[in-house]
Amino acid sequence: MKKVLVLGGGFAGVDVASHLQKMNYDVTLVSDRDYFYIYPTSIWVPTRESEFEDVCVSLKSLKDAHGFNVLIDSVTKISYKENRVELKSGVVIDDYDYLILAMGASKMKHKGIENTLSICGAPEQSLEIREALDKLVEKGSGKIAMGFGGNPKDTSAVRGGPGFELLFNVHNMLKKKGIRDKFELTFFAPMAEPGKRMGPQALKMMDMFFSKLNINKHFGKKITEFAEDGIIFEDGSKLESDFTMFIPAGDGHAVIKESDLPQSEAGFVKTDDYSCVLNEDGSMSNVYAIGDVASLEGYEWRAKQGHIAEVMAKNAAHNIEQRDNGGSDFKGYNEHLNILCVMDSGDGAAFVFRDEKRAFMLPMPLVGHWMKKAWGWYCRNSKLGKIPRIPGM
């Protein structure tokens, strides 16, 4: 039985481990936390619509459900040429037949970033955001700024959707409490048209949402520093804020940057369309990179999302099995590239879709919120094998 080492316990790592275990591989998954975190539904933790435990699935439960092995440890060094991975505990693993990198990405470092919290950062930050919002609610008024940044070296490493969602949910929470008029809400971003990758219709509808909900916009100015009481921009102007939530763009994982793996300018792992790392002579290596850790190639509007990570995971498992059975019917991720999300507002949602042929945003008042809630239930239970996976989801 061939051994597969999977580094990372997110969407990509959990899925590829589950698929390969079913294909009778000996799979070990290494994660630096003992749970799988459902980031898309974590937006409700700060507003107390969900508890932290509601968006976590223990890796032990996933191990029991699928049969793969789990090591809770941090990766400190990777040498793909030496077939060697070193862990923080001192454990060295060098007897694997395949290595699958699913470690996610690091974040861009901004001056004063410690003065912000991120809904896409360490899971525990969702509770810290909750605490900060609770204090402002108790105070009865305040200025709240939320936004996201970009990576000039890789435009796909941007995650702005959760920022929009969290701010809309905060608006809805304050409205329910009857104190919305006491708060100034602002969305900020360094690009002139944040959300443009979703398509022109979505961009216009987002402007309508901001106007309707009385949310200020601060776009098109480069961020130079985050202060305790606001955000400072390149022209010297300052956006005052009692609380700042900021989602930095993704950057190459620190361990990857120090490795001998082929990398993009931003430090993401270079692969072919089949998610395989190629050797210097162009041949296929025994290393695959899936999810945010990989360099995503394709359309200018492409974006790293969980469903793309799952496509990569399923394809990587299929491609490995093909190689071991002498086949060549490999599957790539590029044909599946699209933007797909249900952008929640707390009292409704909007369905966003874009591929190479079309782009649209469909408002879903009230029902959209419960659709996303239902997806969270589906995600948890399908990962645990309690209900069948729906094709394409």
Side-chain angles (χ1 to χ4, degrees), residues 1-32 36 59-87 89-104 253 255-256 259-262 269-294 309-333 383-385 389:
M1 185 180 292
K2 288 193 174 183
K3 294 184 177 181
V4 181
L5 179 62
V6 179
L7 305 182
F11 278 95
V14 166
D15 261 30
V16 76
S18 301
H19 289 309
L20 285 167
Q21 191 67 38
K22 290 182 178 71
M23 296 172 177
N24 295 316
Y25 285 86
D26 179 3
V27 183
T28 297
L29 182 148
V30 177
S31 174
D32 59 2
F36 163 69
L59 286 181
K60 182 182 183 304
S61 296
L62 290 165
K63 170 187 175 182
D64 293 344
H66 300 287
F68 54 77
N69 304 304
V70 173
L71 282 178
I72 306 303
D73 210 335
S74 298
V75 179
T76 56
K77 188 175 181 180
I78 299 171
S79 176
Y80 104 93
K81 292 180 180 178
E82 295 179 4
N83 215 67
R84 179 185 174 93
V85 171
E86 298 179 20
L87 306 181
S89 64
V91 171
V92 173
I93 305 176
D94 57 7
D95 63 343
Y96 52 83
D97 295 288
Y98 291 99
L99 173 64
I100 300 183
L101 308 171
M103 303 155 60
H253 196 290
V255 175
I256 297 299
S259 74
D260 58 351
L261 287 154
V269 182
K270 281 187 175 182
T271 71
D272 61 9
D273 188 35
Y274 309 130
S275 296
C276 185
V277 173
L278 300 181
N279 295 313
E280 293 178 2
D281 62 1
S283 62
M284 299 173 74
S285 74
N286 68 332
V287 180
Y288 287 76
I290 55 179
D292 285 4
V293 76
E310 290 180 337
V311 166
M312 289 176 158
K314 186 175 182 179
N315 286 354
H318 167 84
N319 295 340
I320 287 173
E321 186 182 43
Q322 280 286 305
R323 287 176 67 174
D324 288 337
N325 288 310
S328 59
D329 180 25
F330 301 135
K331 296 182 179 180
Y333 68 80
K383 296 290 184 195
L384 288 169
R389 294 289 290 269

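Sequential numbering from 1 along the given sequence is applied to the chain's residues.
- When the shell of 6.0 Å around NZ of Lys383 is examined, it contains more than 12 heavy atoms from other residues, nucleotides or ligands.
- In this structure, the side chain of Asp15 does not engage the main chain of Lys314 through any donor-acceptor pair within 3.5 Å.
- Although no hydrogens or angles enter the test, the distance criterion places no donor-acceptor pair under 3.5 Å between the side chain of Asn279 and the main chain of Asp281.
- The backbone N or O of Asp329 sits less than 3.5 Å from a side-chain atom of His318, completing a donor-acceptor pair.
- Between Ser31 and Val70 there is no side-chain heavy-atom pair separated by less than 4.5 Å.
- A salt bridge does not link Glu82 to Lys77: none of the charged nitrogens lies less than 4.0 Å from a carboxylate oxygen.
- Side chain of Tyr96 to backbone of Arg84: a donor-acceptor contact under 3.5 angstrom is found.
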Exercise for the section: Just do the side-chain contact (heavy atoms from CB on, under 4.5 Å) check on Ser61 and Leu384 with the steps written out, would you? Expected result: CA-CA 7 Å; Ser61 296; Leu384 288 169; 3.7 Å; yes
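- If you take CG on Asp32 and CD1 on Ile72, they are separated by 8.5 Å, rounding to the nearest 0.5 Å.
- The CG atom of Leu71 sits 6.0 Å away from atom OG1 of Thr28, with the distance rounded to the nearest 0.5 Å.
- Asn315 contributes atom CG, which lies 11.0 Å from atom CD1 of Ile320 (distance to the nearest 0.5 angstrom).
- Atom CG of Leu99 is separated from atom CG of Asp94 by 12.0 Å, given to the nearest 0.5 angstrom.
- Formation of a donor-acceptor pair under 3.5 Å by the Asp272 side chain with backbone atoms of Tyr274 is found in this model.
- Between Ala102 and Ala12, the shortest heavy-atom distance links the atoms CB-CB, 4.0 Å.
- For the side chain to side chain contact (heavy atoms under 4.5 Å, CB included) test with Val287, the passing option among Leu5, Leu101, Thr271 is Leu101; the others fail.
- Residues Leu87 and Val75 have side chains in contact (heavy-atom distance under 4.5 Å, counting atoms from C-beta outward).
- The shortest non-hydrogen separation linking Ala289 to Ala294 is O-CB, 3.6 Å.
- Of all heavy-atom pairs spanning Val14 and Gly9, the tightest one is CG2-O, 3.5 Å.
- The shortest non-hydrogen separation linking Ser275 to Tyr333 is OG-CD2, 3.9 Å.
- Heavy-atom minimum distance, Tyr288 versus Ala316: CD2-CB, 4.2 Å.
- No donor-acceptor pair under 3.5 Å is formed between the side chain of Asp64 and the backbone N or O of Gly67.
- Listed here is the closest heavy atom pair of Leu29 and Gly13: CD1-O, 3.5 Å.
- Within the 4.5 Å cutoff, the side chain of Val30 has no heavy atoms near those of the Val85 side chain.
- Ile78 CD1 to Glu86 CD: the interatomic distance, rounded to the nearest 0.5 Å, is 10.5 Å.
- A salt bridge (Lys or Arg N to Asp or Glu O under 4.0 Å) with Lys2 is found for one member of Asp97, Asp26, Asp324, Asp95 and no other, namely Asp324.
- Using modelled atom types, no side-chain atom of His66 and backbone atom of Phe68 make a donor-acceptor pair closer than 3.5 Å.
- Atom CE of Met284 sits about 7.5 Å away from atom CG of Leu278, to the nearest 0.5 Å.
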